[in-house]
Amino acid sequence: MAIKFAGEFEVKRTPEEVHDFLIDPNKFAALLPDFQGLSVQDATHFTVKVNVGISYIKGVAEVKMELAHAERPKGAQYKGQGSVAGGNVALTAGFDLSPIAGGTKVAWHGEAQIFGRLTSMAGGLLEPLGKKQVQKLIDGLQAALR
């Protein structure tokens, strides 16, 4: 099952400031909904743990992330893989930055592919829950970048 997400927002910071924030997991990881922990391996690899709860399926997801591409101050792309209670997830997430009068426009996009038992058990709950969690993250990013 694939879940795609995208959107944009504007902040009153320079593209360089926004880029530096978004490529540093120590700055943004705690903004993830249901964040449990972060382990940074090196400048481009980290593992994040988040609580997952869908219907009666609950657990901790451990997702290994890679900063696959970064071009300061234009944008970056992340790739990740992880295990979730009853399944696995592969995801991509990225952002493109554009200077605007008084700040930066952040265009964000991504996709999560969910595999395994989880898709058959949680079914139609996955996409609305995923989009709700992504919106919580975006709201947190906007607040942190103010």
Side-chain angles (χ1 to χ4, degrees), residues 1-55 57-115 118-119 122 124-146:
M1 167 182 270
I3 302 171
K4 294 183 181 199
F5 44 91
E8 60 184 45
F9 60 89
E10 296 177 1
V11 294
K12 293 181 180 182
R13 289 202 185 196
T14 67
E16 290 82 6
E17 290 174 312
V18 175
H19 187 270
D20 292 349
F21 183 90
L22 292 174
I23 65 162
D24 185 346
N26 290 302
K27 292 182 181 174
F28 74 78
L31 300 173
L32 293 166
D34 302 314
F35 173 77
Q36 288 299 305
L38 171 70
S39 172
V40 177
Q41 286 76 45
D42 58 41
T44 59
H45 295 87
F46 61 96
T47 302
V48 65
K49 291 182 181 181
V50 293
N51 279 336
V52 176
I54 304 167
S55 186
I57 304 165
K58 297 191 185 333
V60 176
E62 184 171 295
V63 183
K64 295 178 188 290
M65 298 294 297
E66 174 188 9
L67 178 60
H69 174 77
E71 185 179 350
R72 187 176 193 258
K74 295 182 179 184
Q77 180 83 23
Y78 284 100
K79 293 182 181 180
Q81 292 186 326
S83 57
V84 184
N88 294 305
V89 64
L91 60 93
T92 60
F95 58 90
D96 300 306
L97 306 176
S98 305
I100 57 171
T104 302
K105 180 173 84 171
V106 181
W108 51 272
H109 47 85
E111 181 175 345
Q113 292 276 345
I114 302 168
F115 307 96
L118 183 62
T119 58
L125 298 175
L126 287 174
E127 186 166 359
L129 179 63
K131 290 189 176 194
K132 180 180 176 184
Q133 296 297 76
V134 167
Q135 190 58 54
K136 282 184 183 178
L137 171 61
I138 297 303
D139 292 346
L141 288 173
Q142 285 180 278
L145 289 166
R146 284 197 180 115

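We count residues from 1, following the sequence as given. Both backbone and side-chain heavy atoms feed into the values below; hydrogens, waters and symmetry mates do not.
Taking all atoms of both residues into account, the shortest heavy-atom contact from Ala29 to Phe35 is O-CD1, 3.2 Å. The shortest non-hydrogen separation linking Lys105 to Glu8 is CD-OE2, 3.8 Å. The nearest pair of heavy atoms linking Phe21 to Ala144 is CZ-CB, 3.8 Å. Contact detail for Pro33 and Gln133: the closest heavy-atom pair is CG-O, 3.3 Å. The two residues Leu91 and Ala112 make their nearest non-hydrogen contact at CB-CA, 4.1 Å. Taking both residues in full, the closest heavy atoms of Leu38 and Pro25 are given as CD2-O, 3.6 Å, listed atom of the first, atom of the second, then distance.
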**OP:** Could you walk me through whether Phe95 and His19 pass side-chain contact (heavy atoms from CB on, under 4.5 Å), step by step?
**Re:** CA-CA 9 Å; Phe95 58 90; His19 187 270; 3.9 Å; yes

**OP:** Show the numbers, then the answer: is there a side-chain contact (heavy atoms from CB on, under 4.5 Å) between Leu145 and Val18?
**Re:** CA-CA 7 Å; Leu145 289 166; Val18 175; 4.1 Å; yes

Original post:
Between Lys74 and Leu97, does a side-chain contact (heavy atoms from CB on, under 4.5 Å) hold up when you go through it step by step?
Top reply: CA-CA 5 Å; Lys74 295 182 179 184; Leu97 306 176; 5.8 Å; no

**OP:** Let me see the working for Thr92 and His109 under side-chain contact (heavy atoms from CB on, under 4.5 Å), right down to the final yes or no.
**Re:** CA-CA 8 Å; Thr92 60; His109 47 85; over 6 Å; no

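Of the possible polar contacts, none joining the His69 side chain to the Ala76 backbone as a donor-acceptor pair under 3.5 Å is found. Judged purely by atom type and a 3.5 angstrom limit, Thr104 uses its side chain to pair as donor or acceptor with the backbone of Arg13. In this structure, the side chain of Gln113 does not engage the main chain of Glu111 through any donor-acceptor pair within 3.5 Å.
Residues passing the ring-ring contact (aromatic ring centres under 6.0 Å, His included) test with Tyr78 are Phe28, Phe46, sequence neighbours excluded. In this view, Lys12 satisfies the side-chain contact (heavy atoms from CB on, under 4.5 Å) rule with no residue, not counting sequence neighbours. Qualifying side-chain hydrogen bond (donor to acceptor under 3.5 Å, both in side chains) partners for Gln142, counting only residues two or more places apart in sequence or in other chains: none.
Look at Lys49 and Glu62 and you find a salt bridge, because one of the NZ, NE, NH1 or NH2 atoms lies within 4.0 Å of a carboxylate O, short of that distance.
The distance from the CG atom of Leu67 to the CG atom of Leu22 is 10.5 Å, given to the nearest 0.5 Å.
Heavy-atom contacts from other residues, nucleotides or ligands closer than 6.0 Å to CD of Gln81 number 12 or fewer.
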